[in-house]
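Below is one structure, written out as structure tokens; comments come after it.
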Amino acid sequence: MLNKITVIVRNPGVLKALLTWPKFSFASYMINYRLKNSNVEPKTIVDVGANVGQFAVAASKFFNQSMIISIEPDPMVSKELKKNLRGHLNFEVITCAVGNTIGKVKFYKNQDSQVSSILEIGGMRKSLFPE
């Protein structure tokens, strides 16, 4: 926590992002911030398992000319993802799962959409969060 506070004090852009972006993730902000400061300018960014766009929103803010392709299997979450990317110039949201086979697969939805997956929810998670 102290590390995050230090970063916020040294980089006022973090606080502005936290207050103004439609979705904010500290980790996603820092990944994209470091890439930008390393002079990386990707033409295309692919976000697999994009959820509501925590990473894609950060990427869109740092790399406003990049094409962002977000892949999210949950149709309801994909809708929110599209809303969160609305201000970006060039993006595509693909609603499907990604795996090593072609076809249909069972998708396990969780109340916390960040944990929804094609992998079954583990026993420990079920016991810690039974609802």
Handout entry: M30 and R34, any side-chain heavy atoms less than 4.5 Å apart
Key = yes
Exercise for the section: Taking all heavy atoms of G53 and all of L81, pick out the closest pair and write down the distance. Expected result: CA-CD1, 3.3 Å
Handout entry: Student check: side-chain heavy atoms of V77 and N51 closer than 4.5 Å
Key = yes
Problem - Heavy-atom donor-acceptor pair, S78 side chain to E72 backbone, under 3.5 Å - result: yes
Exercise for the section: Quick one: do Q54 and Q114 satisfy side-chain contact (heavy atoms from CB on, under 4.5 Å)? Show the steps, please. Expected result: CA-CA 10 Å; Q54 297 88 327; Q114 292 185 66; 3.6 Å; yes
Exercise for the section: Drop me the distance from N90's CG to H88's NE2, to the nearest 0.5 angstrom. Expected result: 6.0 Å
Problem - ILVMFWY network linking V93 to I71, side-chain heavy atoms under 4.5 angstrom - result: no
Exercise for the section: Apply side-chain contact (heavy atoms from CB on, under 4.5 Å) to F63 and K36, showing your working. Expected result: CA-CA 8 Å; F63 305 105; K36 186 71 172 183; 3.6 Å; yes
Exercise for the section: Kindly indicate whether the side chain of S66, heavy atoms from C-beta on, has any atom under 4.5 Å from the side chain of P42. Expected result: yes
Exercise for the section: Would you check if F107 and P73 make a side-chain contact, meaning some heavy-atom pair closer than 4.5 Å? Expected result: yes
Problem - I94-V46 co-clustered via ILVMFWY side chain contacts under 4.5 Å - result: yes
Problem - Hydrophobic cluster membership, W21 vs L35, 4.5 Å side-chain cutoff - result: yes
Exercise for the section: Assign the ring pair Y29 / F62 to parallel, tilted or perpendicular, where the plane angle (0 to 90°) is split at 30° and 60°. Expected result: perpendicular
Problem - Test item: F55 and I45 side chains (from C-beta on) under 4.5 Å apart, heavy atoms - result: yes
Exercise for the section: With the side chain counted from C-beta on, respond yes when Q65 and K43 share a heavy-atom pair under 4.5 Å apart, and no when they do not. Expected result: no
Problem - Polar side-chain atom of S28 near backbone of S25 as donor-acceptor pair, under 3.5 Å - result: no
Exercise for the section: Would you kindly confirm whether L15 and I31 end up in one hydrophobic cluster when ILVMFWY residues are joined by side chain heavy atoms under 4.5 Å apart? Expected result: yes
Problem - Between S116 and D74, a side-chain donor and acceptor under 3.5 Å - result: no
Handout entry: Check: T95 side chain, P75 main-chain N or O, donor-acceptor pair, under 3.5 Å
Key = no
Problem - D47 side chain to I69 backbone, donor-acceptor under 3.5 Å - result: no
Handout entry: N84 side chain vs V52 backbone, donor-acceptor pair below 3.5 Å
Key = yes
Problem - Validation row: V57, P22 side chains within 4.5 angstrom (heavy atoms) - result: yes
Handout entry: Heavy-atom side-chain proximity of N11 to Y33 below 4.5 angstrom
Key = yes
